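Below is one structure, written out as structure tokens, with a few remarks after it.
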There are 2 protein chains.
Amino acid sequence: MRDAETVTLVDVARRAGVSLATASRVMNGSDRKVSPELRERVVGAARELRYVRNANAQALAKARSAIVGVIVHDIGDPYFSEILRGVEAAGEGTGQLLLVCDTHRDPERELEYLTLLHAHRASTIVIAGSGHEDRAHNVAVGTRLDAFVNGGGRVVLIGRHHYGGDAVLPDNRGGARALMREVLAHGHRAVAIIGGPPHLTTTHDRLDGCRLAFADAGLTFDPACVIDGDFSRESGEAATHALYARGDEPTAIVALNDEMAVGALTALRERGLRVPDDVSLVGFDDIPVAADVTPALTTVNVPLNHIGEVAMRLAREPASDGFRAAHVAAHVVIRASLGKRSLLKP
Amino acid sequence: MRDAETVTLVDVARRAGVSLATASRVMNGSDRKVSPELRERVVGAARELRYVRNANAQALAKARSAIVGVIVHDIGDPYFSEILRGVEAAGEGTGQLLLVCDTHRDPERELEYLTLLHAHRASTIVIAGSGHEDRAHNVAVGTRLDAFVNGGGRVVLIGRHHYGGDAVLPDNRGGARALMREVLAHGHRAVAIIGGPPHLTTTHDRLDGCRLAFADAGLTFDPACVIDGDFSRESGEAATHALYARGDEPTAIVALNDEMAVGALTALRERGLRVPDDVSLVGFDDIPVAADVTPALTTVNVPLNHIGEVAMRLAREPASDGFRAAHVAAHVVIRASLGKRSLLKP
DNA sequence: TTGTATGCGTTATCAT
DNA sequence: ATGATAACGCATACAA
């Protein structure tokens, strides 16, 4: 362990008896303009010296680093980790480094990460978190994104956003509409909805879909049936308890994502209510656990993995003048947690 | 959007009417040696010009970037995302950028990431995946880590490893021993164990603990009761089916992690076996879903979050001559999935 | 095909 | 306290 000096390309070049330029071409250049003989000498020297390239110097020289930053709301949320898997799969073998940024649903932190990625001259920024309804925040995000794009960066958005750029758009509204239609078709009329954070476009879109289903069936939608959650398991549990505490007696509960549905399941169990015998329960997203809980959750399958892949693929294509939108369908998955409203009960 | 030129510190300095050095001191230097007046001029100019620092240039000049790399086996596995939360929390506000590297349990990819982080001159590498029992791989990891440390990097390991360095060590053996003791105390003798990947030290340690519990009770441990899994939910499901397919009739199943236990639960349900009436089931780690499945899982609580925090705290302390080890206890959590062996059954 | 020389944006070491 | 200038390690335009 005596060699505390860092080995640079110059060292490699000297050792191989070639110029710095040639060494550079061999080690990193996409150029093939080096004779096999010299190439071998350089590779050999690099190995002997245990040369490790300095990515920062490369990024500085090239004015762009090989980093792809992905901004998510919560890395522990299966919704995002599934998307990440897709992004990763599509980025495999491209030599790009995936940088995962977790905002914890904090808009402030989202802005910080945007600046950070810009500072690192990332090649691409993928924003996987839902767009916000907060006007000031949208402006701030737009400003940062503009600056980033002007500097030569690529931006891809997942879900509806207020920034114009390439986007992958899951059909939240259509999925919710189909889901609620199914719930109504099972005879339910006393429906409670556990909503998401009011400032997210995902929440708005899914609620919209629910409303449309009521309209489709010629029923009136009572806004009071919505109780807010924040997309976390805990909030689903709390919201469910709150529901009963305020006297509601739904025959079906619709959680706007699976995590909250799982929380709701726990709450219902604590209250001694059986699903779906006493009350039906449905979620949204179809994350892996949805099939593991008892009873298995009826939900809307959003192909998270696929969405991540598409996003990454968009990112790798050169920027176009206008912006492209890739629409992704979402379909209802019926499982045990949704039952017919018992005819014996009013 | 006309300004496609990138703003540099030189631009800021010129605009503020000061030298590059002064501008640098104001924007990034820890130095306080700048008059309030000039400082304000620089800050103002930077804001007007929308200056964004070039992190690559900084890293090159400082010979070290502000990146902390965390290597995990699977970002979607709650075990790791919980650890990540802890790391993140402890790193909050330090200006360090968290880089999450997902190996998908592929040793080859682990090596690649090690090189990548070295290339980016990361300040710290945290390896959260369990150590391997594969000798060749350990040597390769050791070589890379040595080079990284020699170059001035910090390394912190989570779980037992064959590399000497600062480490956070959860008590896998003790936890498994206590868990198995509990299982035996409930009267179970026909016990099946769903093991982890044979090359992971975590698997070895937990199995060891199980063996010790048998010895403690004066019972002989039959190695044949172990069936291999790979720590994934799917493998837990498959292993359980395999168990019955080969004719085993355990009264209790011990999965060496919760994910596999959840999979086992699904398999048992498919087979019409009730838990814990027909067969008891326990897991390990106490990830969030453990409490959400039905019945709730008896398991061993490993304070994942805390482990991540400790790791990050260790990382922020300067390297010491010897290496430090932070031991973390694990304790059994009794929930509904573990029952007494029915006396009516043989 | 190979080598020479310059620039990338900052930090840090000197002077002043 | 402030300014001039030399690294930092690499890619690349240009020359040979």
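All values derive from a computational prediction rather than experimental measurement. Proteins get letters first, then strands, A, B, ... in listed order; numbering begins at 1 in each.
- Contact footprint of chain A on DNA chain D: nucleotides with an atom under 4.0 Å from a non-hydrogen protein atom, first to last in 5' to 3' order, D:dG9 to D:dT12.
- Remark: C1' of C:dC8 and CG of B:N54 are 8 Å apart, rounded to the nearest angstrom.
- Residue pairs that meet the salt bridge (charged side-chain N to carboxylate O under 4.0 Å, His left out) test with at least one member in residues 150-167 of chain A, sequence neighbours left out, are A:R154-A:D166, A:R160-A:D205, A:D166-A:R324.
- A donor-acceptor contact shorter than 3.5 Å links the side chain of A:R64 to the backbone of A:A122.
- Rounded to an integer number of Å, the gap from CZ of A:R64 to C1' of C:dC8 is 13 Å.
- The only member of A:H161, A:H162, A:H199, A:H132 that meets ring-ring contact (aromatic ring centres under 6.0 Å, His included) when paired with A:H137 is A:H132.
- Distance CE (B:M27) to P (C:dT11): 10 Å, rounded to an integer number of Å.
- Comment: B:R85 engages A:D74 in a salt bridge, judged by a side-chain N to carboxylate O separation of less than 4.0 angstrom.
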| note | Reading nucleotides 1-7 of chain C from 5' to 3' and marking B where a protein heavy atom lies under 4.0 Å of the base, S where only the sugar-phosphate is that close, and - otherwise, the string is BBBB--B

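- Atom P of nucleotide C:dC8 and atom CG of B:L60 are separated by 14 Å, given to the nearest angstrom.
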| request: Output, in order, the C-alpha distance, side-chain angles, deciding distance and verdict of salt bridge (charged side-chain N to carboxylate O under 4.0 Å, His left out) for B:E110 and B:R144. | output: CA-CA 11 Å; B:E110 180 169 328; B:R144 296 225 184 11; over 6 Å; no

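- Of the side-chain N and O atoms in B:S24, one or more sit less than 4.0 angstrom from OP1 or OP2 of C:dT11.
- Heavy-atom contacts from other residues, nucleotides or ligands closer than 6.0 Å to CD of B:E40 number 12 or fewer.
- Using modelled atom types, one side-chain atom of A:N150 and one backbone atom of A:D146 make a donor-acceptor pair closer than 3.5 Å.
- For B:E317, the CD atom sits in a packed shell: over 12 heavy atoms of surrounding residues, nucleotides or ligands are nearer than 6.0 Å.
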